[in-house]
Amino acid sequence: MADNYLEKKYEELRQGRPVIRRQNPSLDSLLSSAAAENLSPEPGYRVDKAQSEAALASARRLGVEFDATMPDGDPAVLRITCAGAFELGEVVTAVRLKLAELRLHARIRPLDGGAGAELRIFREKR
């Protein structure tokens with residue numbers, strides 16, 4: 001057993017360590033993607049309801065209470081309302097980061113009369 005272990009270690013040293021590439025994007029790349037402006041939406045791409053739900057599920061992990069609706073059942077539009085502006089900022093940031101992970105983007109428009117925002121989700125034209 002000891003001989004086999006040493007043989008494997010010798011082979012490892014001789015060949016070098018294997019390179020491990022991570023498939024998950026870094027936080028910096030997600031922030032850069034979420035902050036990108038002047039993007040044009042890809043025509044014909046339909047946002048799936050599961051993608052919108054995944055973004056909302058990530059935001060719920062913060063423990064902040066918020067309401068989210070999809071007007072007219074359109075998963076490409078999310079209306080989010082919170083108790084205050086600080087909480088809204090947290091939720092919108094979490095949603096945008098999840099969308100960036102899914103290679104999607106959102107245009108944000110504040111809602112009148114309170115701490116609310118409307119996010120229009122799209123995929124960038126390539």
Side-chain angles (χ1 to χ4, degrees):
M1 185 169 137
D3 292 340
N4 191 19
Y5 173 79
L6 293 174
E7 288 172 8
K8 287 182 183 177
K9 283 296 180 184
Y10 177 73
E11 283 297 317
E12 234 179 68
L13 288 173
R14 204 181 80 183
Q15 293 177 357
R17 289 188 162 223
V19 176
I20 298 172
R21 292 201 172 104
R22 293 183 178 220
Q23 296 298 321
N24 295 343
S26 69
L27 178 61
D28 290 339
S29 66
L30 289 176
L31 287 170
S32 297
S33 177
E37 293 181 16
N38 300 325
L39 301 174
S40 14
E42 180 179 320
Y45 181 78
R46 294 184 55 117
V47 175
D48 191 40
K49 186 175 181 177
Q51 293 169 315
S52 297
E53 290 293 335
L56 292 174
S58 292
R60 284 188 188 98
R61 289 176 173 254
L62 294 172
V64 176
E65 288 189 33
F66 66 92
D67 292 321
T69 59
M70 293 177 206
D72 301 325
D74 184 7
V77 178
L78 291 177
R79 284 198 183 135
I80 300 173
T81 55
C82 293
F86 182 78
E87 291 83 4
L88 178 66
E90 286 183 306
V91 171
V92 168
T93 300
V95 168
R96 288 179 70 193
L97 285 173
K98 183 61 177 186
L99 291 174
E101 184 182 36
L102 298 172
R103 298 181 185 201
L104 297 172
H105 302 279
R107 287 206 173 95
I108 302 162
R109 183 180 66 84
L111 295 177
D112 295 332
E118 181 178 88
L119 285 76
R120 293 205 166 269
I121 303 169
F122 64 94
R123 184 166 73 178
E124 179 186 8
K125 184 176 170 183
R126 296 178 188 204

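Model, not experiment: these values are computed from the prediction.
- Here the OG-CG distance, from Ser33 to Asp28, works out to 12.5 Å after rounding to the nearest 0.5 Å.
- Closest of all the heavy-atom pairs between Pro41 and Arg107 is CG-NH1, 3.8 Å.
- The ring pair (Phe, Tyr, Trp, His ring centres under 6.0 Å) search around Phe66 returns none, not counting sequence neighbours.
- Looking at Glu118 and Leu78, their side chains never come closer than 4.5 Å, going by heavy atoms from C-beta outward.
- Salt bridge present: Glu11 and Arg14 bring a charged side-chain N and a carboxylate O closer than 4.0 Å.
- Note that CZ of Arg96 and CD1 of Ile121 are 11.5 Å apart. Values are rounded to the nearest 0.5 Å.
- How far CG of Leu39 is from CG of Leu104: 11.5 Å, rounded to the nearest 0.5 Å.
- Counting non-hydrogen atoms of other residues, nucleotides and ligands closer than 6.0 Å to CZ of Arg103 gives a total of 12 or fewer.
- Separation of atoms CG (Leu27) and CG (Leu97) is listed at 6.5 Å; rounding is to 0.5 Å.
- Within a 6.0 Å radius of OH in Tyr45, more than 12 heavy atoms belonging to other residues, nucleotides or ligands are found.
- Here the side chains of Gln51 and Pro75 are not in contact, with every heavy-atom distance at 4.5 Å or above.
- Atom CD in Glu101 sits 7.0 Å away from atom OG in Ser58 (nearest 0.5 Å).
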